Amino acid sequence: MVDWRSDSDDDDNFEWESDGDGEPSSTPALRNLDAAGPSTLVRQDSNGWGNGEAPPPSLIEGYVGMGFPEEMVVKAIKDIGHSDANALLELLLTYKTLGDDAAVGNCSTSGFIPQSTEEDDDDLDSEYWEGDDDADGREAGSDGSSDEGFLRELSEMDKKINALVDMGYPEDEANLAITRCGVDAPLYVLVDSVCASQAAGEYEVTGRCFDSFGGRKKARLMEDSKKKRKRYGGRSQGSRPPLDEESMPLPNPMVGFNLPGDMLRTVSRKLPRQAIGPPYFYFENVALAPRGSWDAFSRHLYDIVPEFLDSKYMCAAARKRGYIHNLPIETRVNLLPPAPKTIFEAFPHYKKWWPSWDNRKHLNCLQTCIASAKLTERIQRALASASNPPPPSVQKYVMKECRKWNLVWVGKNKVAALDPDEFEYLLGFPRDHTRGIGKTERYKSLGNSFQVDSVAWHLSVLKAMYPNGVNVLSLFTGIGGGEVALHRLGIHMHTVISVEIGEVNRRVLRGWWDQTQTGTLIEIADVQSLTNERVDSYVDRFGGFDLVIGGSPCNNLAGSNRHHRDGLDGEHSALFFHYVRILSAVKSAMRRM
DNA sequence: CCCACTCGGATGATGTTG
DNA sequence: CAACATCATCCGAGTGGG
């Protein structure tokens, strides 16, 4: 039993920096890994309150109203103060997770940490948790001298290769995965990597023979792994904490667990017992979030390994996203008709003006803003005054802008940004889905939405499981990419509870719903108002939820945003933690059913 | 090291509506 | 003319790959 009332510091996951000056959202949840000195840690004053200020009673009541026990709130505020609401919320959720899991560990349904309960030591779960065992072993072992570290790495590598081979993967691929992810990557990350590489190999098999692990490449692999080792050694000598090695590696190619059309391979994964649905859940975010974000997402979602998928494998535009979900992955089916996978398949009429030196086959990520008319005019002028074909310098300039702004060729020397209609088409929405709102708002909403085919690929497994339809709790719905995906899969939605702050987005969803659906849609503007009690009552009223789906507003996470880009430390984090809170509320309400 | 890529925003100018 | 919507321009860093 985890005692969250304890004042001891034994949970080293949560040492918090204090900002002290009461400025909101400046207490980093993740930056603690970057070694906050003891002087920056919260010290409690004689009253026992961190930060030297007692919280207003209304504050405590507010959190109690959200469903946290009062002592828990008091303890959390004592620990980190109440100036940073987000950090406080994260801490409360962590307490609750620990507490809940410890509580339910006694009953037969689940246990958060399998090792802690006796009968969980069967081979079912140990495979999944092996990565953690290794981590323990690493801590116990010495990492002082670099020679010792090198030896440890060698044996570690053998161990992991053996484990992967035992699981049925070819030795070469195990090797490759370790090269890619590092020796210290947990086993499940390596498995993920092997799967991804196999999927990629089969995806590209059409044009090439399958001899991709031949001798020529092996030499290069050895080089790579030497380099990696050197890098690792250099770092462990203490210039920087080895954060990179610990953090979640992005698979390359970013093909997810599997792709449509590669039916030979059966992928399987083990989920922690506690994560197994129903309810099924599906959380999405940008893949290129700041360092440590995905570790944190995963940590708060049952340590499930994210599935990273670039939608350029599903349609003609790239979109690198990560998904944490507990859906089965073996019996997926692709949406029909399949989306066009290249620019020319999607827009054959652009072929006419497409110059041979523009070799793009896919568009880049569709963003919320488009190129200005001035820019395309500059390009046109540059091309008009150049030879044909233009000199390399002009080609380079034009290509750079084309990639940056996703321009397409619509006339002689003439490039243009994509229309909102084309955004809709590429993203898998029905035509005119966002028609009727402002043009810039269409771009904004579409740029922030799901790629429907990619999401539908993942959600397709629900169709056989719920032939009569589903109840959905949809957080940060946007223009309803998840709902459109379910609809296009032919999955009936009895009820959708949708939380979306944007008024125009709600209007878009409502408009689409009323035209296409017969079920009930309940729209909620403010996630704060969806309290745990309200979740409970919805669960009672609708008999539980089959799917909790949430795309995360990316404002503070996208690479292009220089304004407070703070990982899990900004307003954004509050939204993620609302996702976690609400999912947890659904789960416990459904356990009581 | 260089360079590509990224679910962006604050600002002031210009255009549109009532 | 005021209020509002849209546009243009500058801005800019973190991460990862070659």
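Quick caveat: nothing in here was measured; it's all calculated off a predicted structure. We name chains A, B, ... by the order of the sequence lines, and we start the count at 1 in each one.
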B/dC7, C/dG12, C/dA8: which one has an atom nearest the side-chain heavy atoms of A/Lys404?
-> C/dG12
Among the nucleotides B/dA4, B/dG8, C/dA8, which one has an atom lying closest to any side-chain atom of A/Ser372?
-> C/dA8
Please lay out, stage by stage, how A/Arg332 and A/Glu307 fare under the test salt bridge (charged side-chain N to carboxylate O under 4.0 Å, His left out).
-> CA-CA 14 Å; A/Arg332 291 170 169 175; A/Glu307 174 168 17; 2.8 Å; yes
Less than 3.5 Å between a donor and an acceptor, one on the side chain of A/Glu284 and one on the base of B/dC7, is that the case here?
-> yes
So which nucleotide from B/dA4, C/dC7, B/dT6 ends up closest to the side chain of A/Lys320?
-> B/dT6
Rounded interatomic separation in angstrom, taking CZ from A/Phe423 and C1' from B/dC7 = 11 Å
Per atom distances to the A/Asn364 side chain, the nearest of C/dA8, B/dT6, B/dG8 is B/dT6
Pick base, sugar-phosphate or nothing for A/Gly447, based on heavy-atom distances below 4.0 Å to the nucleic acid.
-> base
Just how far, in rounded Å, is P of C/dG16 from CZ of A/Phe308?
-> 10 Å
Looking across every strand, which nucleic acid part, if any, lies under 4.0 Å from A/Glu441 by heavy atom: base, sugar-phosphate, or nothing?
-> nothing
A/Trp405 has an atom CH2; how far is it from atom C1' of C/dC10, in whole Å?
-> 11 Å
Between B/dA4, C/dC7, B/dT6, spot the one nearest the side chain of A/Lys400, thanks.
-> B/dA4
Evaluate the criterion salt bridge (charged side-chain N to carboxylate O under 4.0 Å, His left out) for residue pair A/Asp453 and A/Arg319; output intermediate values, then yes/no.
-> CA-CA 12 Å; A/Asp453 301 80; A/Arg319 207 169 191 74; over 6 Å; no
Does A/Arg403 get its side chain close enough to the base of B/dC5, under 3.5 Å, for a donor-acceptor pair?
-> no
Using a strict 4.0 Å threshold on nitrogen-to-oxygen distance, state whether A/Glu424 and A/Arg442 make a salt bridge.
-> yes
With the side chain defined as heavy atoms from C-beta on, A/Arg291 is closest, among C/dG16, B/dT6, B/dA4, to C/dG16
Roughly, in whole Å, what's the span from CZ in A/Arg360 to P in B/dA4?
-> 14 Å
Closest to the side chain of A/Val286, out of C/dT9, B/dT6, B/dC7, is B/dC7
